[in-house]
Amino acid sequence: MVRRAIRFAAATALVAMPALVQAQATCQAQLTCNVGATASMTIPALVRLNIPSTTITLDASGLTDLSAATSITAAFSGVNVRANAGWTLTLGSADANWTYVGTESGVRAAGTLGFSSDAGANYTAVSGGATVSTGARTNGATIDLIFRASFPAGYDDAANRPGAYTLPLTFTLSAP
């Protein structure tokens, strides 16, 4: 009985062996022998983003009147995108308000900072995030932005208090 079980196991192994042999490439000959193989590779969606600076300075030192709503702008030229697939560039801030440093308890909503990618014709608030631009695969698309900080009318508005205001921004380049 044990011998029959061993013979059965040996016969099963011999039947299964051709499947193992087929996975291998073997060639045997006297003069020439060729064996074929296939190379494979996967290229992921790749993106590259370069911004001209990590600081966007909006200089309000030239403001002379806060009795009427006003704004200041700063150019941010030369955002560069490279991608081997269709891409989307977004910009936003996770913070609801600017961070204030000063003695007057100033509060500015993140939405008072906007950006424009069409030479200042239209501005989009950075709060919550917004699409800056989209495109097809490219070896270098350049996007010029203009940032605008708006001020509410009134010297007594908390968003107009003297001090230093900062707002962290995140540029995100993605290729779906």
(message) Hydrogens and angles aside, do Asp65 and Ser67 bring a side-chain donor and acceptor to less than 3.5 Å of each other?
(response) yes
If you compare all heavy atoms of [X] against all heavy atoms of [Y], which two are closest, and at what distance to 0.1 Å?
X	Y	answer
Ala158	Tyr165	O-OH, 3.8 Å
Gly78	Thr142	CA-CG2, 3.8 Å
Trp87	Ala141	CZ2-CB, 4.1 Å
Ala85	Ala45	CB-CB, 4.4 Å
Asp157	Ala159	OD1-N, 2.9 Å
Ala110	Ser127	CB-CB, 4.0 Å

Keeping [X] on the side-chain end and [Y] on the backbone end, is there a donor-acceptor pair under 3.5 Å?
X	Y	answer
Ser174	Pro176	no
Thr138	Ala83	no
Thr131	Ser133	no
Asp95	Thr99	no
Thr134	Thr88	no

(message) Ring-plane angle category for Phe147 and Phe76, please: parallel below 30°, perpendicular beyond 60°, tilted otherwise.
(response)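 The rings of Phe147 and Phe76 stand perpendicular, inter-plane angle above 60°.
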Contact between [X] and [Y] at the side-chain level, heavy atoms closer than 4.5 Å - yes or no?
X	Y	result
Ser93	Thr170	no
Asn34	Cys27	no
Pro44	Leu46	yes
Phe171	Leu145	yes
Arg82	Leu173	no
Val126	Phe115	yes
Asp59	Ile72	no
Asn97	Arg108	no

(request) Starting from the C-alpha separation in whole Å, work towards a yes-or-no answer on side chain to side chain contact (heavy atoms under 4.5 Å, CB included) for Trp98 and Leu113. (result) CA-CA 9 Å; Trp98 295 67; Leu113 179 65; 3.6 Å; yes
(request) Working to the nearest 0.5 Å, report the span between CZ of Arg48 and CG of Asn84. (result) 13.5 Å
(message) Would you say Leu58 ends up clustered with Ile51 if hydrophobic residues are merged whenever their side chains have heavy atoms under 4.5 Å apart, either directly or through other cluster members?
(response)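 In one cluster: yes.
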(request) Using the rule that two of Ile, Leu, Val, Met, Phe, Trp, Tyr join whenever any of their side-chain heavy atoms come within less than 4.5 Å, decide whether Ile146 and Ile56 are in one cluster. (result) no
(message) Let's go through Thr73 and Tyr123 carefully: what are the C-alpha distance in whole Å and the side-chain angles of both, what is the deciding distance for side chain to side chain contact (heavy atoms under 4.5 Å, CB included) to 0.1 Å, and is it a yes or a no?
(response) CA-CA 11 Å; Thr73 60; Tyr123 284 89; 3.8 Å; yes
(request) Mind running side chain to side chain contact (heavy atoms under 4.5 Å, CB included) on Thr124 and Val132 for me, showing each step along the way? (result) CA-CA 9 Å; Thr124 303; Val132 174; over 6 Å; no
